[in-house]
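Here's the structure we're looking at; comments come further down.
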Amino acid sequence: MQVSKYHGCGNDFIMVDAGLLDLFDTDEKRTDFIVSVCDRHTGIGADGCIFVKQDPLEMIYYNQDGSRADMCGNGIRCFAAYCHDEGLVNGGMYEVETKAGVKTISEISADPFICLVGMGKPIWGNDKIGVKSDTRIWEYPLETSEGILNLYSVYMSTIHTVVFVEDPFDPKWEKVGKEICHHPLFSEQTNVNFVEVLTPEKLKAATYERGCGMTLACGTGMCASGLISFMLSKTRPRIDIEMKKGTLHIDVDNEQRVYLSGPAVRILKGIYSYVENQ
Ligand SMILES: N[C@@H](CCC[C@H](N)C(=O)O)C(=O)O
């Protein structure tokens, strides 16, 4: 089957036409395809799989373990690059439907491909982040294997928790990320962002993703991190966030609307030999 692969700051995705979904008439068949193609040894390898729907444009996003996520900030820039490369759009500004609502894309540059995503506003209610208690997850102390950490959680087109630490690239955070992601406090799990404030205009961050584990970058996670850092007066509203393989730019306006900009790169376009139940 025809597939493409893209990455945004090292967060990588398989892109396929949504028509393929008709071939997978059960959840098991769809999951089998996603897990197989995302496998880094027996498949192409990726953090997630994106089905591209046209008329209207829609991004249908799955994590590498086959779980559905509402949105993906790096994924939607890759979606935009794919639409550009396949001639599905004429550049400029357009809308993409996602499970987290309609997002606007503005192409900034074609080569290298860079775009700006209007991510919309965060949602603060605990029901949106799968937390049953009434206590707001804001400076919420949680016992972890690295001691008590203060959590800040938000729905920023998907569920995110931000933790301020020293040296987010230290490998020890992977274990802690897994603990927080799977903690019973979060009934639908949470993505976990480890964030260090470098200057009022710059953060450094790494994310443990639900359905995937530690990734090289996370777009929605950087939106949550930029927003929360700004709300805590740690940073300004326009910042850069340095991750392991690239930098994303975040803008927060005075109504808490968040904008994400950064690159997306095509890695391959080709034929994947898919054998069911590999
Ligand atoms: N890598 C993404 C987020 C993907 C979804 C996430 N793992 C979830 O389950 O919510 C990004 O760039 O935003």
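Remember, predicted model here, so these are calculated numbers, not experimental data. Start at 1 and go down the list; that is how both ligands and their atoms are numbered. Hydrogens, waters and symmetry mates play no part in the numbers below; they use all other heavy atoms, side chains included.
- Here the rule is side chain to side chain contact (heavy atoms under 4.5 Å, CB included) with S36, and of I34, D39, D32 only D32 fits it.
- Taking E201 as the reference, R236 meet the salt bridge (charged side-chain N to carboxylate O under 4.0 Å, His left out) condition, with sequence neighbours excluded.
- Contact residues of ligand 1 (protein heavy atom closer than 4.0 angstrom to a ligand atom; sorted by chain and number): N11, Y61, N63, A69, M71, C72, G73, N74, T158, N191, E209, R210, C218, G219, T220.
- Remark: K234 is positioned above the aromatic ring of F164, its terminal NZ or CZ atom under 6.0 angstrom from the ring centre and at most 45 degrees off the axis.
- Note on ring orientation: taking the six-membered ring where Trp is involved, the planes of F24 and F33 are parallel (angle under 30°, cut-offs 30° and 60°).
- Screening residues 93-124 for ring-ring contact (aromatic ring centres under 6.0 Å, His included), with sequence neighbours left out, gives H84-F113, W124-W138.
- Sorted by first then second residue, the ring-ring contact (aromatic ring centres under 6.0 Å, His included) pairs that include residues 177-209, not counting sequence neighbours, are W173-F194.
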